[in-house]
Amino acid sequence: MALIENLNLWPPSNLQRNLALNSPPKLFNFKPSATHSIRKTLHTCRCSLVNEQQQQQASFTDQEKQLIDALIGIQGRGKSASPQQLNDVERAVQVLEGQDGEGDPTSSDLIEGRWQLMFTTRPGTASPIQRTFVGVDFFSVFQEVYLRTNDPRVSNIVKFSDWIGELKVEAAASIKDGKRILFQFDRAAFSFKFLPFKVPYPVPFRLLGDEAKGWLDTTYLSHSGNLRISRGNKGTTFVLQKRTDPRQKLLAAISTGTGVEEAIDEFISLSKSGAKDEPVLLEGEWQMIWSSQIETDSWLENAGNGLMGSQIVKNEQMKFLVNILPGIRFSMIGKFVKSGTKTYDVTMDDAALIGGPFGYPLEMETKINMELLYNDDKIRISKGYNNILFVHLRASDGSK
């Protein structure tokens, strides 16, 4: 973030490296693989109410929702974004920056509080701290802004987990004008749940001079106080939210592997209360990112049952596609027919291993009754083979 990006002289400690390397693996693996693993262990219980989520969903304008839609599916808060995804985000950011947000954001009470970092561009000047933590989905990254106190401050917080703790980097802040906040680092510390005291982060702020200083412009602050766009003195763009879209909450649960089924139940309850039409199976390429069943030992069985890889839906046909080895893919094609208001009968019976221009046919057939629990142009939740829950993200709309 803008404050962290200025600390480009100090390398991350061994403790930081260990926290990053020992964190659970990310589940947002959009490259289909035969070794793709799916978590089933659930730890976190439902903690928020549907009514609260309804308020969150209604707190974004149409233009703000376009930005949120562009953020759905981007890994590492932008670290793994494709050029097309980056273009979509930048276009949505520019639209909002041209809108009539809060006129003097630094003078508004709406800028006060804790903001969650959802996306950031990272130029080559980004600090080792930023490169180590911001791109890890398992960690939550926040920025606290408190300007109306006797000690105005802007702080960046990396939350490792509820049971480990966090790193907080603080800066003394002052307001230059209606958009710009000036800051200067002066302290940082780790707060671990298993220790009764804070562990100072060993950065000699006083010796850094101008490297410990910077500024942060707020180029858009929503009238609801739930969305903020900022640009830092080193050219980085940040998108921060106080309240997250329900889809973002679900994808965050999948990313950390905690409370996924509870998050799905909560999300579907919300979608049912606001849905006007029954879900429809949309065309396009859909990447499977989570399943309620762990893969079996047989990759062929997993691939044939849709437990890995992607699904391509087009012209009343469905294709399962899995990259097995470099240059070798498993492909299985079938047809689907609508059998109810939100159910489809799927028959997959044309399977092959494909290597370059050559194909080796396989004798396989899979019959699936698919029930759509939720579907929009970004995310799909369904019950498929053996009543297994699936969450798919739309990689493309299939128009090309």
Side-chain angles (χ1 to χ4, degrees), residues 1-7 56 59-61 64 67-68 71 77-78 93 96-97 99-122 126-127 129-130 133-134 139-160 165-191 198 201 203 205 211-245 248 252:
M1 299 171 69
L3 282 75
I4 289 181
E5 69 178 353
N6 280 57
L7 287 180
Q56 292 178 7
S59 64
F60 299 105
T61 67
E64 291 167 358
L67 174 56
I68 291 170
L71 297 177
R77 284 169 280 267
V93 163
L96 285 176
E97 288 179 329
Q99 296 290 311
D100 184 23
E102 287 293 304
D104 296 308
T106 57
S107 301
S108 172
D109 291 337
L110 296 175
I111 202 172
E112 301 278 306
R114 174 174 281 209
W115 295 84
Q116 184 166 1
L117 179 67
M118 309 304 293
F119 174 87
T120 176
T121 57
R122 294 170 325 286
S127 73
I129 303 177
Q130 190 173 358
F133 292 133
V134 171
F139 300 153
S140 297
V141 182
F142 302 92
Q143 185 177 83
E144 289 183 347
V145 179
Y146 292 106
L147 304 176
R148 283 152 189 78
T149 68
N150 293 331
D151 182 22
R153 292 201 159 264
V154 179
S155 304
N156 286 334
I157 299 164
V158 179
K159 185 177 180 180
F160 304 117
E166 63 185 32
L167 166 65
K168 187 173 186 178
V169 182
E170 298 186 49
S174 61
I175 297 173
K176 181 178 180 180
D177 53 38
K179 290 186 176 182
R180 179 162 296 185
I181 298 172
L182 305 177
F183 61 82
Q184 181 170 357
F185 295 108
D186 57 6
R187 60 186 181 224
F190 291 94
S191 296
K198 294 182 179 180
Y201 182 71
V203 179
F205 293 111
E211 289 296 327
K213 299 177 181 179
W215 51 259
L216 181 67
D217 281 349
T218 296
T219 56
Y220 179 79
L221 177 62
S222 66
H223 294 300
S224 66
N226 289 329
L227 181 66
R228 186 176 118 226
I229 299 170
S230 292
R231 296 185 183 264
N233 58 290
K234 294 195 174 182
T236 311
T237 301
F238 308 96
V239 178
L240 306 102
Q241 294 174 224
K242 280 186 180 173
R243 290 182 175 176
T244 55
D245 177 86
Q248 293 172 315

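Predicted, not measured: the structure shown is a model, and the values here were computed from it.
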Problem - Criterion side-chain contact (heavy atoms from CB on, under 4.5 Å) against Tyr220, the qualifying member of Leu96, Asp100, Leu67 - result: Leu96
Completion exercise
The residue among Val239, Thr121, Leu117 that forms side-chain contact (heavy atoms from CB on, under 4.5 Å) with Arg77 is Leu117
Note, [X] side chain near [Y] side chain (heavy atom, < 4.5 Å):
X	Y	result
Glu170	Asp151	no
Val145	Arg228	yes
Ser140	Gln116	yes
Ile68	Gln241	yes
Leu182	Lys213	no
Val203	Phe185	no

Partners of [X] by side chain to side chain contact (heavy atoms under 4.5 Å, CB included), sequence neighbours excluded?
X	answer
Leu110	Glu102, Ser108, Leu221
Lys179	Pro105, Asp177
Asp104	Ser107

Atom [atom1] of [X] and atom [atom2] of [Y]: how far apart are they, to the nearest 0.5 Å?
X	Y	atom1	atom2	result
Ile157	Leu167	CD1	CG	9.5 Å
Asp217	Ile229	CG	CD1	13.0 Å
Phe119	Phe238	CZ	CZ	10.5 Å
Trp215	Arg180	CH2	CZ	4.0 Å
Thr106	Lys176	OG1	NZ	12.0 Å
Asp245	Leu227	CG	CG	11.0 Å

Exercise for the section: State whether the side chain of Thr218 and the backbone N or O of Ser230 hold a donor-acceptor pair below 3.5 Å, judged by distance alone. Expected result: no
Show the nearest heavy-atom pair for residues [X] and [Y], with the distance to one decimal.
X	Y	value
Gly214	Asn233	CA-OD1, 3.7 Å
Val154	Ala173	CG2-CB, 3.7 Å
Leu216	Phe183	N-CE2, 4.1 Å

Handout entry: Residue that, paired with Glu144, satisfies salt bridge (charged side-chain N to carboxylate O under 4.0 Å, His left out) out of Arg153, Lys159, Lys168
Key = Lys168
Problem - side chain to side chain contact (heavy atoms under 4.5 Å, CB included) assessment of Tyr201 paired with Val169 - result: CA-CA 8 Å; Tyr201 182 71; Val169 182; 5.6 Å; no
Practice task
Name the orientation class of the two ring planes belonging to Phe160 and Phe139 (parallel below 30°, tilted from 30 to 60°, perpendicular beyond 60°).
Solution key: perpendicular
For [X], give me all partners under side-chain hydrogen bond (donor to acceptor under 3.5 Å, both in side chains), at least two apart in sequence or on another chain.
X	value
Thr237	Arg231
Lys242	none
Glu112	Arg148

